[in-house]
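Here the structure comes first, spelled out in structure tokens, and everything after it is commentary.
As the structure is a computational prediction, the values presented were derived from the model and not from experiment.
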Amino acid sequence: MTALLGPNGAGKSTAVGVLSGLIQQQSGSAMVLGGIPGRADARRRVNVMVQDDGLPSGAHAAEVVRHVARLRGEPDTAGDLIAAWGLDALGRTTMRRLSGGERRRVSLACALVGHPDMVILDEPTAGLDPRGRALVWRAIDRLRTGGCTVLLCTHLLDEAEALADEIAIISEGRCLRQGPLSSLVADSSEAISFEGPLHLDRASLVSALPEGCRVEEISPGRYRIEGTSSPHALATVASWCAQHGVQPRNLALGTEGLSDLYWRLTDGERRE
């Protein structure tokens, strides 16, 4: 399973549109399961869940899933999905009256009908509560272990880290880095990191640390200290926080994680 990450406007939904055959690319080429996206064979083998679901507003949840299953030629797969996602409980409520999370459950059920070779999911957990999110994670894991290719577009870094075999980070239509997470962060050096209030006095912290250290707020409220990895420096950070009334969360010494990598790459791209 591959997770596609990137900020708003990076091109994730456009990539989904191209790979699903809903958008014709203006340049370059795209292949899906050895064929051209949008061709009849690809459409039979690929299921897609897009952000703008386009579901009929006057229909009911269960009948939408049954209809999609019939169109896919596998009507018998609808019943289990309706039960698994609790869609019978929505009764005769029309799609236009469902909450955002309820609509996402219907969209996901539609994307899972039949026995696809590939499933493309664009922000499948958006608007879901924690229980709904856990159900989606389990469904994705079942697809993966069952041999189905999954492309997951998400803004949630923990989601990508927990589920993906491979991660691609894009920005402004360009792939900045791609590969298994272990290889993406393999060359990163050890550094101290912690979470705290926004916009701490980094100059003051730098002055307390050994010469040559750098302190960056790599994402809002998350700090990374490079230039030293000694236990003494770790104790210095803890002492500085105590003196300045800061409660550091997740204070640790270690290599770069996905969150650090993502913010470094996409923030560097924005600055350029």
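In this structure, Leu163 is not a member of the same hydrophobic cluster as Ile120, with clusters built from ILVMFWY side-chain heavy atoms closer than 4.5 Å. Linking Ile, Leu, Val, Met, Phe, Trp and Tyr whenever their side-chain heavy atoms come within less than 4.5 Å puts Trp263 and Leu176 in one cluster. Linking Ile, Leu, Val, Met, Phe, Trp and Tyr whenever their side-chain heavy atoms come within less than 4.5 Å leaves Val215 and Leu261 in two separate clusters. A single hydrophobic cluster is seen to contain both Ile140 and Leu112, as judged by linkage of ILVMFWY side chains at heavy-atom distances under 4.5 Å, directly or through other members. Linking Ile, Leu, Val, Met, Phe, Trp and Tyr residues whenever their side-chain heavy atoms come within less than 4.5 Å leaves Val48 and Val136 in two separate clusters.
Using a cut-off of 4.0 Å between Lys/Arg side-chain N and Asp/Glu carboxylate O, Asp117 and Arg44 are scored as not salt-bridged. Look at Arg70 and Asp76 and you find no salt bridge, because none of the NZ, NE, NH1 or NH2 atoms lies under 4.0 Å from a carboxylate O. We find that Asp129 and Arg133 are not joined by a salt bridge, their nearest charged nitrogen and carboxylate oxygen being 4.0 Å or further apart. Using a cut-off of 4.0 Å between Lys/Arg side-chain N and Asp/Glu carboxylate O, Asp122 and Lys12 are scored as not salt-bridged.
At a threshold of 4.5 Å between non-hydrogen side-chain atoms, the residues Arg177 and Leu265 count as touching. Between Leu81 and Val113 the shortest side-chain heavy-atom distance falls below 4.5 Å. Within the 4.5 Å cutoff, side-chain heavy atoms of Leu156 are placed close to those of Thr125. Taking the side chain as every heavy atom from C-beta outward, Leu151 and Met1 never approach each other to under 4.5 Å. Within the 4.5 Å cutoff, the side chain of Thr93 has no heavy atoms near those of the Glu102 side chain. A heavy-atom distance below 4.5 Å is found between the side chains of Pro124 and Leu152. When side chains are defined from C-beta on, Leu98 counts as touching Leu90, because their heavy atoms get closer than 4.5 Å. The shortest side-chain heavy-atom distance between Val46 and Val119 does not fall under the 4.5 Å cut-off.
Formation of a donor-acceptor pair under 3.5 Å by the Glu123 side chain with backbone atoms of His155 is found in this model. In this structure, the side chain of Ser230 engages the main chain of Ala233 through a donor-acceptor pair within 3.5 Å. No donor-acceptor pair closer than 3.5 Å links the side chain of Arg222 to the backbone N or O of Glu195. Between the side chain of Arg224 and the backbone N or O of Ser193, no donor-acceptor pair lies under 3.5 Å. No donor-acceptor pair under 3.5 Å is formed between the side chain of Thr94 and the backbone N or O of Gly58.
A side-chain N or O of Asn47 and one of Arg72 form a donor-acceptor pair less than 3.5 Å apart. In summary, the side chains of Gln243 and Ser239 do present a donor paired with an acceptor at a separation below 3.5 Å, with no hydrogens or angles considered. A side-chain donor from one of Thr154 and Glu159 sits under 3.5 Å from a side-chain acceptor of the other.
When all heavy atoms are compared, the tightest approach of Cys213 to Val206 is O-CG1, 4.0 Å. Shown here for Thr77 and His115, the closest heavy-atom pair between the two residues is CG2-CE1, 3.8 Å. Considering all non-hydrogen atoms of both residues, Ala30 and Val18 come closest at CB-CG1, 3.9 Å. Residues Ala160 and Ile167 come closest through the heavy atom pair O-CD1, 4.3 Å. For the residue pair Ile36 and Ala42, the shortest heavy atom distance occurs at O-CB, 3.9 Å. Closest approach of Ala111 to Met49, counting heavy atoms only: CB-CB, 3.7 Å.
Residues in residues 214-249 take part in these ring-ring contact (aromatic ring centres under 6.0 Å, His included) pairs, two or more places apart or across chains: Phe194-Tyr223, Trp240-His244. Listed by first then second residue, pairs satisfying side chain to side chain donor-acceptor pair (under 3.5 Å) with a partner in residues 142-153 read Asp141-Arg144, not counting sequence neighbours.
In this structure, OG in Ser57 is found 12.5 Å from CZ in Arg97, a value given to the nearest 0.5 Å. The structure places OG of Ser183 at 9.5 Å from CD of Gln178, a figure rounded to the nearest 0.5 Å. Separation of atoms CG (Asp260) and CD (Glu226) is listed at 9.0 Å; rounding is to 0.5 Å. Rounding to the nearest 0.5 Å gives a distance of 9.5 Å between CZ of Arg66 and CG of Leu87. We find the CG-SG distance between Leu200 and Cys241 to be 7.0 Å, quoted to the nearest 0.5 Å.
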| request: Quick one: do Val185 and Leu258 satisfy side chain to side chain contact (heavy atoms under 4.5 Å, CB included)? Show the steps, please. | output: CA-CA 8 Å; Val185 300; Leu258 177 59; 6.0 Å; no
In sequence, state the C-alpha distance, the side-chain angles, and the governing distance for Glu161 and Leu181, and then conclude on side chain to side chain contact (heavy atoms under 4.5 Å, CB included).
-> CA-CA 8 Å; Glu161 198 163 10; Leu181 179 59; 3.7 Å; yes
Exercise for the section: Could you give me the CA-CA distance, side-chain angles and deciding distance for Val106 and Met95, then say whether side chain to side chain contact (heavy atoms under 4.5 Å, CB included) is met? Expected result: CA-CA 9 Å; Val106 179; Met95 293 297 300; 4.0 Å; yes
| field | Full working for side chain to side chain contact (heavy atoms under 4.5 Å, CB included) between Leu135 and Arg131 | value | CA-CA 6 Å; Leu135 289 173; Arg131 181 178 180 277; 3.6 Å; yes
Going through the checks in order, is the salt bridge (Lys or Arg N to Asp or Glu O under 4.0 Å) test met by Arg45 and Asp41? CA-CA 6 Å; Arg45 301 170 64 195; Asp41 182 59; 3.4 Å; yes
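Just one of Ile170, Ile169, Leu4 meets the side-chain contact (heavy atoms from CB on, under 4.5 Å) condition when paired with Cys175; it is Ile170.
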